[in-house]
Protein chains: 4
Amino acid sequence: MAVVLGPNRYGKAETRVVRVTRDGEAHRLKDCTVGVALSGDMRDVHLTGDNAAVLPTDTQKNTVYAFAGEHGIGEIEEFAGLLARHFVGGQPSVHHARVAVEEHRWERHGPHSFARASAETRTCVVHHDRDGSTTVVSGLEGLVLLNTTGSEFHGFARDAYTTLAPTHDRVLATAVTARWRHTAPPDTPGGYDFGESHARVRRCLAEAFAGTHSLSLQQTLYAMGSRVLETRREICEIRLSLPNKHHFLVDLTPFGMDNDNEVYVAADRPYGLIEGTVLDDAAPAPGPAWD
Amino acid sequence: MAVVLGPNRYGKAETRVVRVTRDGEAHRLKDCTVGVALSGDMRDVHLTGDNAAVLPTDTQKNTVYAFAGEHGIGEIEEFAGLLARHFVGGQPSVHHARVAVEEHRWERHGPHSFARASAETRTCVVHHDRDGSTTVVSGLEGLVLLNTTGSEFHGFARDAYTTLAPTHDRVLATAVTARWRHTAPPDTPGGYDFGESHARVRRCLAEAFAGTHSLSLQQTLYAMGSRVLETRREICEIRLSLPNKHHFLVDLTPFGMDNDNEVYVAADRPYGLIEGTVLDDAAPAPGPAWD
Amino acid sequence: MAVVLGPNRYGKAETRVVRVTRDGEAHRLKDCTVGVALSGDMRDVHLTGDNAAVLPTDTQKNTVYAFAGEHGIGEIEEFAGLLARHFVGGQPSVHHARVAVEEHRWERHGPHSFARASAETRTCVVHHDRDGSTTVVSGLEGLVLLNTTGSEFHGFARDAYTTLAPTHDRVLATAVTARWRHTAPPDTPGGYDFGESHARVRRCLAEAFAGTHSLSLQQTLYAMGSRVLETRREICEIRLSLPNKHHFLVDLTPFGMDNDNEVYVAADRPYGLIEGTVLDDAAPAPGPAWD
Amino acid sequence: MAVVLGPNRYGKAETRVVRVTRDGEAHRLKDCTVGVALSGDMRDVHLTGDNAAVLPTDTQKNTVYAFAGEHGIGEIEEFAGLLARHFVGGQPSVHHARVAVEEHRWERHGPHSFARASAETRTCVVHHDRDGSTTVVSGLEGLVLLNTTGSEFHGFARDAYTTLAPTHDRVLATAVTARWRHTAPPDTPGGYDFGESHARVRRCLAEAFAGTHSLSLQQTLYAMGSRVLETRREICEIRLSLPNKHHFLVDLTPFGMDNDNEVYVAADRPYGLIEGTVLDDAAPAPGPAWD
């Protein structure tokens, strides 16, 4: 046996940057949290503490701010790509960069005034390698959806520990975490509009959730994912994580009342958790896209 | 010296209730968190553990669900009032009830489909006493507002520990917590529409924040509060808690760049905290309204 | 009617300061979060934005760090008092200061090494007024206690919504938030050791919880409070907030098993919340101590 | 192109179970949060909503409670293994189970009384496949460590965005998340004591952190990991995630004071994040251990 160093990466997490654009009468606002993780020729720093290969995480933070100033923040996938290519191109010891961006949404209230929109965030993860390859995963978190009807659950497997009653009408609610992989790299000539793509994928997800008569949350997950794949040809794979935010009917019979699917407990824990991937069977190999 | 029991109360906190109304084609949805606190003749339970005066907190929870079923959940102030009067009227040992409700907002996505709106919640606290008096405080939490310009801060006091530079153009951002007291009890004949009142108070707050050229967050606070008092005659007092969510300009000069109010760090901690009350000088005594 | 400014205060919240003392072989560590709130002659800043009376919250933050450097951080009540007196003494417009400190606990692992102890924090709130009066409230948060037996709940009031079964053996668990008021001001000649006082009050609370055969959480609350009052003569009043962290017995009969008080669900929400005060009937008036 | 279902799993997350053992005078307490994720022949449920292969997540929750009652909860790795084998053995449609357990720590205060210990949790993830293979990863979260000296950072790479000054004496602090893979399956005859193994790995981590004169957090990470690998032969691989919880020296010169490594700001965000693996080069293939 010999003890060896395995895969590793390092970087600056959760750099909060707000970029105001002051052109014309109405200002524009971008509000992001950026995470950088670099890897490469990092053996010495681990084994001996020699930092010659280490670009400080403080420098990575500075770079986020400087790039926000110099280039502005357009679509987050483009900003992430710009940073990733910079880090790989700038230091011979850095062979690979992973840049993740979360965008926090604001609604306009006036030419210079904004209100924070929902807790939903738009996300992306961009990988860039010194071999020139780039992968782009876009996504969202915190899209909370609920159907008051059109959801059933029955015909399931049973064992000695099964007490659940089948139901033909339940509330179905979830908080969507979705990440989807773009087929082409972001800087392909003739590249598309990431903002438009995101809005359309989001609409597919929300509409498929609302429009699917659901026999299980798995079925809804697949309907959501396949709606995206069939509608948006720039996407070759989507991964969904859907907590089943249980809404239990309250038993009102002790008080002499019926409960005709009207009064629910919204439970916190435990919750069902449904995770699944839907993909194009001709999708290119993902490489590090999901790391 | 003698050790004695002082003020006390007990109840069930954070009962989560979701109420679906299934009349007609489109369902309606109310999603609330309810807190009940009762007080009264509770000496024995503290001193000897005699529970004869104690209506269990489990019963309080049941009552929330039963009332949601029987009466529906209309305006939260009305639902809270209904519960408060029930608890005081139902048990001779209960002399006073405080019922707080938070409402979580959903947007309609279809006849039976909803998406969680912003993290902002609508709140209320209703007190009812066995002497017949009732107080109603409405409010909101989590309304996050930001102006990209129109905010200054200078001319402040200085001492040996002051290093802050005056500024004539800064980002001003806050997360509003506001509570406002209604002049009249909620069940006064000719009472008004609590939903309409809430929407209009909220609009006053947001518009006063956006529309005030600010020399200090205190000035903005007073502008917000006085706008409400002057516009909404049903409100006699408002209390605002405004964290100053600092957005610090990043120094880009080490990288040879100016920063003309474009690139900001959104800081987490520490933060300024501005708290203040604006009221009608003829407001009736608050009684327990703010407890 | 006239719209007027009511009570108000402002300051810097959540200043995080870590103070290392490097005397001798073993370093010492104090880790605190400090909140300052000042009030006084603040009418102009609210009405016109004139900041002449406003010592910036940034200065308050600086003062926390400078005082930590100059004076060290001894007992948090003393550090809070030092700051409060400084702010009131330093600015004629500041008539009153409230300084709150939370201390985060570390355990020693070596002469220069520490590990964060439990999530429990030690707290204090010190008020100082320009009339020379000072109040000191000490406290703790996040002391989570559990008894596996020795707790009953029966003989309670019942109404049409009561379904709870009486129990003669249950798990009793809570997360203690306690605040206690010192009779004398902190700088009284012959003042006592705040650290020793805190440790002894904490022991009273933990021992009274463990040692009380409980017929209700209210009874346990009173036992905890009165143990403190009877044992620690420097304390004249204590306020306790005790969530009843319900542990429900799981019904295992569907699986052919008994559950003899062995398997529990630890529920999150809703929870009972028991709040109460125990005091010396000869306690001096609290003034602003609890604000 | 064809849209197809990719990898998927489902289960019940965050089932909270508290198990009391009432043998003898002193009770024992285990407090765990359990997550189950099953996978296998789940094509139909995704494509058509046919639930015949789906053991409900509600049943999984019931099983956790029933097993806690029947078998008690010993070492969490054993409890997780018992559950994983049960789910795979019990349903032909379930080919693979992943069971994760977090254990919350309590300290004894009396024969039937306990106090919650630190926020640190002990963790494990056990995978079991119908081919008979099992993997066991143990771990911990929330071990917060700090050295007041013995840490340097200099000699790093520089670019146009580098402003960080080299330092020869800094505070080093982190919140350790560690997961380590056991070489042998847990039910190997002659298996070892998981509790003892966990305690010894934890000690290696804490001692290596405290005892390493650090030129970078990467060096400390490797020292921690290699200490475990060299000391504990039952472990073949460890993965560490170490946030660099920055403690910045406060500049006190504006107040005419030095700051000789005594007064620090404990920053929240952003933070460095160092992630790395240390392993035995002869370690068996991990299979699904890290999923």
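Labels below follow one simple rule: chain letters A, B, ... track the order of the sequence lines, proteins then strands, and each chain is numbered from 1.
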In terms of heavy-atom proximity below 4.5 Å to chain D, should [X] be classed as side chain, backbone, both, or neither?
X	value
A/Arg9	both
A/Phe87	neither
A/Glu275	both
A/Lys12	both

For [X], is it the side chain, the backbone, both or neither that has a heavy atom under 4.5 Å from a heavy atom of chain A?
X	value
D/His154	backbone
D/Thr57	side chain
D/Arg239	neither
D/Thr220	neither

Ignoring hydrogens and angles, tell me if any N or O in the side chain of [X] forms a donor-acceptor pair with the backbone of [Y] under 3.5 Å.
X	Y	result
A/Thr212	A/Ser214	no
D/Thr183	D/Glu234	yes
A/Arg19	A/Gly69	yes
A/Asn51	D/Leu215	yes
D/His71	D/Phe79	no
A/His127	A/Pro288	yes

I need the residue from [options] with the largest number of non-hydrogen atom pairs under 4.5 Å to chain A.
options	value
D/Ile274, D/Asp280, D/Leu5, D/Leu229	D/Asp280
D/Ser39, D/Gly90, D/Gly155, D/Cys236	D/Gly155
D/Leu221, D/Thr63, D/Asp50, D/Asn244	D/Thr63
D/Arg233, D/Glu152, D/Gln60, D/Met42	D/Arg233
D/Leu240, D/Leu55, D/Thr15, D/Asp268	D/Leu55
D/Ser216, D/Ala223, D/Ala66, D/Ala282	D/Ser216

Winner by heavy-atom pair count (cut-off under 4.5 Å) against chain D, out of [options]:
options	answer
A/Ala157, A/Ala53, A/Pro56, A/Gly6	A/Ala157
A/Val54, A/Asn8, A/Leu217	A/Val54
A/Asp159, A/Leu242, A/Asp44	A/Asp159
A/Val34, A/Thr33, A/Val278, A/Thr162	A/Thr162

Worksheet item: Stepwise, does the side chain to side chain donor-acceptor pair (under 3.5 Å) test hold for D/Asp169 with D/Thr149?
Response: CA-CA 6 Å; D/Asp169 193 359; D/Thr149 190; 2.8 Å; yes
Item to complete: Classify the angle between the aromatic ring planes of A/His86 and D/Tyr161 as parallel (below 30°), tilted (30 to 60°) or perpendicular (above 60°).
Response: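 Rings of A/His86 and D/Tyr161: perpendicular, over 60°.
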Worksheet item: Taking atom types as modelled and ignoring hydrogens, do the side chains of D/Thr59 and D/Asn62 form a donor-acceptor contact shorter than 3.5 angstrom?
Response: no
Worksheet item: Distance only, no hydrogens: is a donor on one side chain within 3.5 Å (strictly under) of an acceptor on the other, for A/His46 and D/Gln218?
Response: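 The answer is no; no qualifying pair exists.
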Worksheet item: Counting only heavy atoms not in A/Arg269, do more than 12 sit closer than 6.0 Å to its CZ atom?
Response: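 Yes.
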